[in-house]
There are 2 protein chains.
Amino acid sequence: MKSQQPAQVSRDSALSLWVVLARAFDSVERHSRASIARFGLGATEFGVLEVLYHKGELPVCEVRRRILVESSSTTYVVDKLVDRGLVQRRPSGTDRRVILLELTPRGRKLIGRIFPPHAAVIRHAVGALSARQQAQAVRLLRALGIGAAARLKNPQANEDRRHPNRDLP
Amino acid sequence: MKSQQPAQVSRDSALSLWVVLARAFDSVERHSRASIARFGLGATEFGVLEVLYHKGELPVCEVRRRILVESSSTTYVVDKLVDRGLVQRRPSGTDRRVILLELTPRGRKLIGRIFPPHAAVIRHAVGALSARQQAQAVRLLRALGIGAAARLKNPQANEDRRHPNRDLP
DNA sequence: CCCTAATTGTTCGAAATCGAGATATTTGAC
DNA sequence: GTCAAATATCTCGATTTCGAACAATTAGGG
């Protein structure tokens, strides 16, 4: 059924890594989305509620960093949560550019009720790895994420510092 | 200023794994999107071209599985590529439900030109891990992705088969 | 102090993606 | 052979997300 293999994909661990990273993310995200949809929320809305639940009052920009969407999308999602009475905005006293976000009592009650079953779904979704494997994956993915983020800002970031000449032409 | 810490996030390797997985995916994806945008393509459009480049002619459903979007989005993206003369549709001879997708000469030329520099970007993006670490991450993420996908279809899939009682109440 | 650069949050229009069907075809049970 | 279930693709409307602009504010260097 598979006709040919014109390029050298299988041998390239970097490209393989990107493929399996995307696939793993997609599969786990499907669990997450389905779990969150049970409660009539979108994944990003849930993310806002969760970060405020765990971190308390935060500026919009700080929430944005944690839910991994652009700032315009953050405004859109926060608007919806404010309309539903789950989140409230409050100007910061010290910096007049900043708007602080905070759960309303209703929002806190909601997220407090739905977070535990959602966490159970995530645990189940990643349950193919043992606790030890999960810890190892966390270490690797943390290094990968931090490194990739650093290279976004500083394109020639520490390439080949610790593992030289892997793929010379 | 931070009011409380109601839940036990830091200790839960499963939830940590989900967080770092999402972050790592996001960071690498930003490299990928920026690289692809250089060539005037969207990430999903690039995905279609790339899978056809590496696998040859494929049914729509097969392309869909590999680019990780819903079937309606697949139609949308393929339409755009057909309009741009990069991909062509062809009815399958053996199954009249199936439409086969194939690169046009122009599409093949384009992806052949842009894939190598894009691959270099991906290698750079994941360069924080050594080749050995990349291979290890591939193993773990493959198992994670396969397990999570299996649990989507079969919700009570092999939980705690090899690593018992991890999170009893 | 002042001017520029950077940061914060928002608005607006466009693009991408989804979800629920509709349609056509194939497969499989009987 | 026939009919129900499964599969493949597409249509259409709605939702989500982005990107580019913008105003307000703060930070930093000279």
Side-chain angles (χ1 to χ4, degrees), chain A residues 1 22 25-26 29-34 36-38 40-49 51-52 57-84 87-102 152-153, chain B residues 22 25-26 29-34 36-49 57-84 87-102 152-153:
Chain A
M1 211 62 75
F25 173 77
D26 180 74
E29 198 202 18
R30 285 176 196 275
H31 285 271
S32 178
R33 296 189 96 92
I36 291 167
R38 288 183 296 173
L41 288 171
T44 308
E45 294 173 301
F46 181 89
V48 173
L49 296 181
V51 65
L52 295 177
E57 195 176 52
L58 284 178
V60 173
C61 64
E62 204 59 45
V63 171
R64 184 200 71 84
R65 278 188 198 100
R66 296 175 192 263
I67 63 176
L68 304 173
V69 300
E70 297 306 312
S71 59
S72 56
S73 305
T74 309
T75 297
Y76 169 77
V77 175
V78 169
D79 278 348
K80 287 199 306 182
L81 292 172
V82 170
D83 289 347
R84 291 172 65 170
V87 167
Q88 56 193 1
R89 290 182 165 98
R90 186 172 75 81
S92 161
T94 62
D95 185 336
R96 288 200 297 181
R97 295 170 300 183
V98 169
I99 304 284
L100 296 173
L101 299 180
E102 188 180 20
L152 280 169
K153 303 191 169 180
Chain B
F25 173 76
D26 181 73
E29 198 201 19
R30 284 176 196 275
H31 286 269
S32 178
R33 296 189 96 90
I36 292 167
R38 287 183 298 172
F39 308 113
L41 288 171
T44 308
E45 295 173 299
F46 181 89
V48 173
L49 296 181
E57 195 176 52
L58 285 178
V60 173
C61 64
E62 204 59 44
V63 171
R64 185 199 71 84
R65 278 188 198 101
R66 297 176 191 262
I67 63 176
L68 304 174
V69 301
E70 296 306 311
S71 59
S72 55
S73 305
T74 308
T75 297
Y76 170 77
V77 175
V78 170
D79 278 348
K80 287 199 306 182
L81 293 171
V82 170
D83 289 347
R84 291 172 65 170
V87 167
Q88 55 194 1
R89 289 182 165 99
R90 184 171 77 81
S92 161
T94 62
D95 185 336
R96 288 200 298 182
R97 297 170 301 182
V98 169
I99 305 284
L100 296 173
L101 300 179
E102 187 179 20
L152 280 170
K153 303 190 168 182

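Note on naming: letters A, B, ... go to the chains in the order of the sequence lines (proteins, then strands), and numbering restarts at 1 for each one.
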Student: Provide, to the nearest angstrom, the distance between the CD atom belonging to B/Glu70 and the P atom belonging to D/dA8.
Tutor: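 To the nearest whole Å, that distance equals 14 Å.
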Student: Quickly work out the A/Arg64 CZ to C/dT8 C1' distance and round it to whole Å.
Tutor: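 After rounding, the gap between these two atoms is 10 Å.
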Student: Looking at B/Arg89, I'd like to know whether one of its side-chain N or O atoms comes within less than 4.0 Å of OP1 or OP2 on D/dC10.
Tutor: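 Affirmative; the distance criterion is met.
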Student: Does a nitrogen or oxygen in the side chain of A/Thr75 sit under 4.0 Å from OP1 or OP2 of C/dT10?
Tutor: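 Yes, within the criterion.
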Student: Taking CG from A/Asp95 and P from C/dT8, how many angstroms apart are they, rounded to a whole number?
Tutor: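 Rounded to the whole Å, the gap is 8 Å.
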Student: Whole angstroms only, please: what is the CG-P distance between A/Leu100 and C/dT7?
Tutor: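 It works out to 19 Å between those atoms.
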Student: Roughly how far apart are A/Leu100 CG and A/Thr94 OG1, rounded to 0.5 Å?
Tutor: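 It is 7.5 Å, given to the nearest 0.5 Å.
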Student: With a sphere of 6.0 Å drawn around CZ of B/Arg33, does it hold more than 12 non-hydrogen atoms of other residues, nucleotides or ligands?
Tutor: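 Not more than 12 within 6.0 Å, no.
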Student: Can a side chain N or O of A/Thr44 be found less than 4.0 Å away from OP1 or OP2 on D/dT17?
Tutor: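 Yes, A/Thr44 has a side-chain N/O under 4.0 Å of OP1/OP2 on D/dT17.
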Student: Check every atom of C/dT17, C/dG19, C/dT10 against the side chain of B/Val77 and return the nucleotide holding the closest atom.
Tutor: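 Nearest to the side-chain atoms of B/Val77, counting from C-beta on, is C/dT17.
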Student: Assign each of A/Asp79 and B/Gly42 to its nearest nucleotide of DNA chain C by heavy atoms, then name whichever residue's nucleotide is nearer the 5' end.
Tutor: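 Its nucleotide being nearer the 5' end, the pick is A/Asp79.
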Student: How long is the line joining CD1 of B/Ile36 and P of C/dA15, in whole Å?
Tutor: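 Result: 18 Å.
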Student: Looking at residues at least two apart in the chain, or sitting in another chain, which of them share a side chain to side chain donor-acceptor pair (under 3.5 Å) with B/Ser73?
Tutor: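 In terms of side chain to side chain donor-acceptor pair (under 3.5 Å), with neighbours along the sequence ignored, B/Ser73 is linked to no residue.
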Student: Counting distance alone, no hydrogens or angles: does the base of D/dT9 have a donor or acceptor under 3.5 Å from a partner atom on the side chain of B/Arg97?
Tutor: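 No, no donor-acceptor pair under 3.5 Å.
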Student: Less than 4.0 angstrom between a side-chain N/O of A/Arg65 and OP1 or OP2 of C/dT8, yes or no?
Tutor: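 For A/Arg65, the contact criterion (side-chain N or O under 4.0 Å from OP1 or OP2 of C/dT8) is met.
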Student: Is any side-chain nitrogen or oxygen of A/Ser73 closer than 4.0 Å to OP1 or OP2 of D/dC18?
Tutor: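 It does, given that an N or O in the side chain of A/Ser73 lies less than 4.0 Å from OP1 or OP2 of D/dC18.
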Student: Measure CD1/B/Ile99 against P/C/dA24 and give the value in whole Å, please.
Tutor: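 Value for this atom pair: 13 Å.
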Student: Just N and O in the side chain of B/Arg33: are any of them under 4.0 Å from OP1 or OP2 of D/dT17?
Tutor: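 For D/dT17, OP1/OP2 do not have a side-chain N/O of B/Arg33 under 4.0 Å.
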Student: CD of B/Glu29 versus P of C/dA16: gap in Å, rounded?
Tutor: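 Between P of C/dA16 and CD of B/Glu29: 14 Å.
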Student: Between the base of C/dT25 and the side chain of B/Arg96, is one N or O donor paired with an acceptor at under 3.5 angstrom?
Tutor: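 Side chain to base: no pair present.
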Student: Write down the distance between OH (B/Tyr76) and C1' (D/dC12), rounded to a whole number of angstrom.
Tutor: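 That distance rounds to 14 Å.
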Student: Looking only at side-chain N and O atoms, does A/Lys80 come under 4.0 Å of OP1 or OP2 in D/dT16?
Tutor: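 Checking A/Lys80 against D/dT16: at least one side-chain N or O falls below 4.0 Å of OP1 or OP2.
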Student: Is it the case that C/dG9 (base atoms only) and A/Ser71 (side chain only) share a donor and an acceptor within less than 3.5 Å, ignoring hydrogens and angles?
Tutor: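 Checked by distance alone, the answer is no.
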Student: Before you tell me yes or no, could you show the steps for B/Arg89 and B/Asp79 under salt bridge (charged side-chain N to carboxylate O under 4.0 Å, His left out), namely the whole-Å CA-CA distance, both residues' side-chain angles and the distance that decides it to 0.1 Å?
Tutor: CA-CA 9 Å; B/Arg89 289 182 165 99; B/Asp79 278 348; 2.9 Å; yes
Student: So, does B/Glu45 use its side chain to make a donor-acceptor pair with the main chain of B/Gly42 at under 3.5 Å?
Tutor: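 Yes; judged by distance alone, with no hydrogens or angles, the pair exists.
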